[in-house]
Amino acid sequence: MEGRSSIENQPPSFGDLITILSIDGGGIRGIIPATILSFLESELQNLDGEEVRLVDYFDVMAGTSTGGLVTAMITAPGDNNRPLYAAKDITSFYLDHCPKIFSQTSGLLGSVRKFVSAVTGPKYDGKYLHKLVRKQLGDKRLHQTLTKVVIPTFDIRLLQPTIFSSYQMKADKSKDALLSDICISTSAAPTYLPAHYFENEGNDGKIKSFHLIDGGIAANNPALVAMGEITREVLKENTDFSPMKPMDYGRFLVISVGTGSAKSTDNYSAKDAAKWGVLGWLYNNGGTPLIDTFQQASADMADIHISVVFQALHSQRNYLRIQDDTLMGDTSSTDIATDKNLKELVKVGEGLLQKPVSRVNLETGKFEPVPNEGTNEQALVRFAKLLSSERRTRLQRCPHSLSNK
């Protein structure tokens, strides 16, 4: 099959669905969605040829923190205006670079140093990550991505989310930032990596400053943010979404991939937390309770809200949330980047494909298998067919499509 020309990515107005891919934040656990996405892309290639990539099928890709980095890598243009990375290459990227981003120390002295670092400043200086991201993404900016992108961050000076959106940059030029700055910002998890400052020119020619930290503080699961961005465009009567109505969520096809959590274990207790001061909330039992709480709460709230909406519209099969809430020990960590743990996370991702499709129980907040829905792998095969069909439909309906010439 010939390489994709930019004219082939047709807007939703020529199709029946609006397609969204969302990737959670979670540090080294980004290996888990990398494994899931590699499988999905391979299924699409089985249907449409080895040259196709995820970017050819999704109207919007959203990612927070490590998910924002993955989003940038698979949407930024590389050679021949094709994605910089194929999905199958993301896992090796993590295996190669995570040990250097999150350098490990061992023994009692190492534990003491890690604790002191967590108290006096970020555990990691971020220099390797910053250099790596700038090298990989170069001078590429948000407007150059091969499909629409939504990446949340949080402005610590304004105490409000800053969303780098392919839609928002049309009205706000300052949002058309370097992808490297956006990735460094959304990955700047408090206590782990330093906050990021950069400047960019706004519509009036004046320089706007950004003081940003991890987008997971506001939206660790950015699926709902992506849906909100599209709804905003519908309200603006963006012709790409005509004739969609603002509440026409039945047309959404959403795949939301999590990075895992440790809900099945007794992480913390009210009895213990009642005694914590500042240090206790920032560093306890090998984790960061305050950050863990914020990120898990924002991720679950998004999933619960979307689940309710799709259930209300009787279109649950248009929403696939793939998440493992049974992680334990080192695999639940954000930064234990040992070779052993990284390989275990690859196994977690592979195992997750074989687990049954699950949805959040609105009463307990935990994931429970859905009867007669099969495994996540089978669901992704079904979604790949829907995505492929949607792409063909758009190409056939568009009068300017290369397929009609």
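Numbering starts at 1 and runs along the sequence shown.
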(message) Could you measure the distance from the NE2 atom of His130 to the SG atom of Cys183? Nearest 0.5 Å is fine.
(response) 11.0 Å

(message) Between Lys347 and Glu350, does any NZ, NE, NH1 or NH2 come within less than 4.0 Å of an OD or OE carboxylate oxygen?
(response) no

(request) Examine the side chains of Thr19 and Asp59 and answer whether a donor and an acceptor come within less than 3.5 Å of each other. (result) yes

(message) I need the His196 NE2 to Leu129 CG distance, nearest 0.5 Å.
(response) 10.0 Å

(request) Dump the intermediate steps for side-chain hydrogen bond (donor to acceptor under 3.5 Å, both in side chains) on Asp335 and Tyr124, then the final yes or no. (result) CA-CA 10 Å; Asp335 64 329; Tyr124 309 97; 2.5 Å; yes

(request) Check whether the side chains of Asn341 and Thr338 place a donor and an acceptor atom closer than 3.5 Å, and report yes or no. (result) no

(request) Report yes or no: does Asn318 contribute a side-chain atom to a donor-acceptor pair with the main-chain N or O of Leu253 at less than 3.5 Å? (result) no

(message) Taking Pro356's backbone N and O only, do any of them form a donor-acceptor pair with Ser358's side chain (distance below 3.5 Å, no angle check)?
(response) yes

(message) With a 3.5 Å distance limit and no angle check, can you tell me whether Thr75 reaches the backbone of Thr71 through a side-chain donor-acceptor pair?
(response) yes

(message) Under 4.0 Å between a side-chain nitrogen and a carboxylate oxygen: does that hold for Asp176 and Lys170?
(response) no

(message) I'd like to check Tyr57 versus Val52 (side-chain heavy atoms, cut-off strictly below 4.5 Å). Are they in contact?
(response) yes

(request) Output yes when a side-chain donor or acceptor of Thr186 lies under 3.5 Å from a complementary backbone atom of Thr64, and no otherwise. (result) no

(message) Tell me whether Ser332 contacts the main-chain N or O of Gly329 through its side chain, where contact means a donor paired with an acceptor under 3.5 Å.
(response) yes

(message) Which residue in the set Asn376, Asn372, Ile322 passes side chain to side chain contact (heavy atoms under 4.5 Å, CB included) when paired with Val357?
(response) Asn376

(message) Regarding Glu373 and Arg317, does a basic nitrogen lie under 4.0 Å from an acidic carboxylate oxygen?
(response) yes

(message) Has Ser166 got a side-chain atom pairing as donor or acceptor with Lys148's backbone, closer than 3.5 angstrom?
(response) no

(request) Say whether Asp214 and Tyr192, considering side chains only, have a donor N or O and an acceptor N or O under 3.5 Å apart. (result) no

(message) If we ignore hydrogens and angles and just use 3.5 Å, is the side chain of Ser65 paired with the main-chain N or O of Gly67 as donor and acceptor?
(response) no

(message) To the nearest 0.5 Å, what is the distance between NZ on Lys123 and CZ on Phe102?
(response) 9.0 Å

(request) Hey, could you give me each pair passing salt bridge (charged side-chain N to carboxylate O under 4.0 Å, His left out) that has a residue in residues 13-36? Not counting sequence neighbours. (result) Asp16-Arg397, Asp24-Arg321

(request) Measure the acute angle between the ring planes of His97 and Tyr128, then classify it against the limits of 30° and 60° as parallel, tilted or perpendicular. (result) tilted

(request) Compute both the distance and the angle, then confirm whether Arg394 meets the cation-pi test with Phe14: under 6.0 Å from the six-membered ring centre, within 45 degrees of the axis. (result) no

(request) Taking all heavy atoms of Leu44 and all of Leu387, pick out the closest pair and write down the distance. (result) CD2-CB, 4.1 Å

(request) Check whether any side-chain N or O of Ser209 sits under 3.5 Å from a backbone N or O of Glu199 as a donor-acceptor pair, and report yes or no. (result) no

(request) Go through Thr231 and Tyr249 one step at a time and tell me if the side-chain hydrogen bond (donor to acceptor under 3.5 Å, both in side chains) criterion holds. (result) CA-CA 9 Å; Thr231 301; Tyr249 291 121; 3.3 Å; yes

(request) Check the pair Asn238, Tyr167 against side-chain hydrogen bond (donor to acceptor under 3.5 Å, both in side chains), reporting the backbone distance first and the verdict last. (result) CA-CA 10 Å; Asn238 183 333; Tyr167 298 110; over 6 Å; no

(request) Please answer whether the main-chain N or O of Leu327 pairs with a side-chain N or O of Thr331 as donor and acceptor at a distance below 3.5 Å. (result) no

(message) Any side-chain to backbone donor/acceptor pair from Ser269 onto Asp272? Under 3.5 Å, distance only.
(response) yes

